[in-house]
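Below you'll find the structure, written out as structure tokens, and then a few comments.
Computation of the quantities below employed the complete heavy-atom set of this structure, encompassing side-chain atoms and omitting hydrogens, waters and symmetry-equivalent molecules. Here the structure is a predicted model, which means the values were calculated and not measured. Within every chain, numbering begins at 1; the chains are lettered A, B, ... in the order of the sequence lines, protein sequences first and strands thereafter.
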There are 2 protein chains.
Amino acid sequence: MKIDENTIADLVKRSIINDTFRRLPLDKRERVYQTAIRLFGEYGYDGLAVNQLCREAGISKGSFFQYFPSKAHLLEFCILIFDDYLSHWVNELRQQEKAVLARDRLLYFYRALVTNSRLHATEQKFFLFINHAMDHAGVSLEDFDLERHFHEYIAEIVRRGVETREIRGDYEVEFTGYLVSVIIGGMMSREYRGQRYTRTEMEEYLISFLFDGIKA
Amino acid sequence: MKIDENTIADLVKRSIINDTFRRLPLDKRERVYQTAIRLFGEYGYDGLAVNQLCREAGISKGSFFQYFPSKAHLLEFCILIFDDYLSHWVNELRQQEKAVLARDRLLYFYRALVTNSRLHATEQKFFLFINHAMDHAGVSLEDFDLERHFHEYIAEIVRRGVETREIRGDYEVEFTGYLVSVIIGGMMSREYRGQRYTRTEMEEYLISFLFDGIKA
DNA sequence: ATTGAATATGACCATCTGGTCATAATTGAA
DNA sequence: TTCAATTATGACCAGATGGTCATATTCAAT
């Protein structure tokens with residue numbers, strides 16, 4: 001995904017990045033961003049050394065601090081750009097998706113997640129880092145709920161499902177949606193590991209587990 | 001929980017801690033351990049400064065490095081002691097629990113988890129830190145699966161449940177058990193947050209969701 | 001009271017960190 | 001070609017970090 005110009009301009013206004021960075025050639029901006037989320041995802045906040053980032057991104061330290069007010073601002077920048085990326089990703093998915101039944105829609109979403117996370121290991125790591133890491137240098141990570149795009153999409157599926165009487169509606173849609181995404185998340189992390197089951201079997205179990213529970 | 005003498009002796013043999021630490025008075029050992037898991041849980045691995053630990057635990061820096069070969073060994077020590085603690089906790093729970101039906105046993109487990117995590121915020125934070133943190137200074141955190149005690153216990157409940165035809169057995173017990181604990185975990189983290197529902201309502205939804213799924 | 005071993009201590013060290021800044025290189029308009 | 005503005009650079013800085021070590025203290029056994 002290309003970094004959105006409007007978003008960049010907004011970040012300049014909010015003093016998260018400097019105008020110098022906005023004026024930079026596209027490929028340089030991309031290089032810095034990609035290197036940053038890779039290193040953050042791999043080594044964490046403290047583990048990313050500005051020196052290393054500069055070396056691997058091919059810029060000098062002096063330049064770095066002309067682009068970003070501080071290391072903490074780099075993190076915030078990465079989070080916000082990544083948030084944009086997720087938003088686009090979910091939106092595209094929503095447009096492509098043609099299914100009607102809730103079970104098919106959930107399956108479609110699950111498949112897309114699995115495929116995507118296999119494709120983009122770096123983004124995956126960064127996502128996990130932000131989701132689990134603690135606060136750093138005044139950047140309260142709890143303010144950035146990267147999962148909300150997923151949650152909102154699933155909640156929408158659940159809402160329709162309740163309307164069409166496919167899904168129970170005795171508890172809040174948002175709550176049920178949350179539990180659904182917890183299960184999907186759990187299934188996903190199983191995808192990476194052992195795999196005693198084929199992908200089709202995983203999908204079958206997911207849907208069956210979701211809709212029917214563990215009852216014999 | 002008192003730190004187990006046998007465990008300590010084993011850690012000395014494995015050169016994770018020095019013999020000096022083993023010979024220390026109980027309260028001092030406890031103080032160091034408690035302070036360490038609190039600071040690790042609060043600030044993470046890099047965020048815990050040995051100086052601060054020494055200050056808050058009331059020991060000198062020189063002493064610290066007579067107790068532990070390095071900071072990384074302190075972390076390993078904490079993880080292994082904590083692992084012991086979890087093992088004891090689950091064992092006690094298992095002995096106290098008298099229920100027969102799988103749904104009652106799962107409920108009992110869930111209640112115990114909620115109660116315990118409310119009581120011991122420090123341990124909770126440390127647990128989350130270990131579960132989510134990335135590797136540090138040669139300590140591969142993936143080697144320490146702190147959740148396995150929970151997983152094993154739940155898997156046992158599921159196994160019995162399958163035998164008594166309460167729980168479906170079309171997939172591996174271990175897999176189903178994993179999904180059950182994923183849901184329980186999800187419910188737990190909801191406990192901390194918004195709480196539009198009473199605890200009883202949460203429990204009812206958990207069981208109903210687990211056994212019956214989201215089907216209308 | 002003496003002695004020898006175990007333990008405690010904090011000044012000290014090399015290294016690394018995020019961040020600065022004076023200077024050099026590049027750019028683009030006139 | 002000139003020149004002013006923008007961007008690039010890396011030596012440098014103060015502070016903090018994990019870790020060391022010579023010395024001081026404590027303690028138990030005689």
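- Under the 4.5 Å side-chain criterion, counting only non-hydrogen atoms from C-beta, B:Val12 is not in contact with B:Phe21.
- The aromatic rings of B:Phe150 and B:Trp89 lie perpendicular to each other, with more than 60° between the two planes, well past the 30° mark.
- Residue B:Lys61 contributes atom NZ, which lies 10 Å from atom C1' of D:dT20 at whole-angstrom precision.
- Rounding to whole angstrom units, CD1 of residue A:Ile59 and C1' of C:dA25 are separated by 17 Å.
- Looking at heavy atoms from C-beta onward, B:His120 lies in side-chain contact with B:Tyr85 at the 4.5 angstrom threshold.
- A close approach under 4.0 Å does occur between a side-chain nitrogen or oxygen of A:Arg23 and OP1 or OP2 of D:dT7.
- In this entry the distance linking CD of A:Gln66 with P of C:dA25 reads 16 Å, nearest Å.
- Contact annotation for B:Leu53: no contact, since no heavy-atom pair falls under 4.0 Å across all strands.
- In this model, the phosphate group of C:dT7 is not approached by any side-chain N or O of B:Tyr67 to a distance below 4.0 Å at OP1 or OP2.
- Phosphate proximity of C:dT7 to B:Thr20: present, with a side-chain N or O under 4.0 Å from OP1 or OP2.
- In this structure, B:Ser60 does not reach the C:dA8 phosphate: none of its side-chain N or O atoms is under 4.0 Å from OP1 or OP2.
- Residue contacts shown for A:Phe21 are absent, as no nucleic acid heavy atom lies under 4.0 Å away.
- Across the interface with DNA chain C, nearest-nucleotide mapping of A:Lys71 and B:Phe64 shows B:Phe64 to be the residue nearer the 5′ end.
- With a 4.5 Å cut-off on side-chain heavy atoms, A:Lys28 and A:Tyr33 do not count as touching.
- OP1 and OP2 of D:dT7 both lie 4.0 Å or more from every side-chain N or O belonging to A:Lys28.
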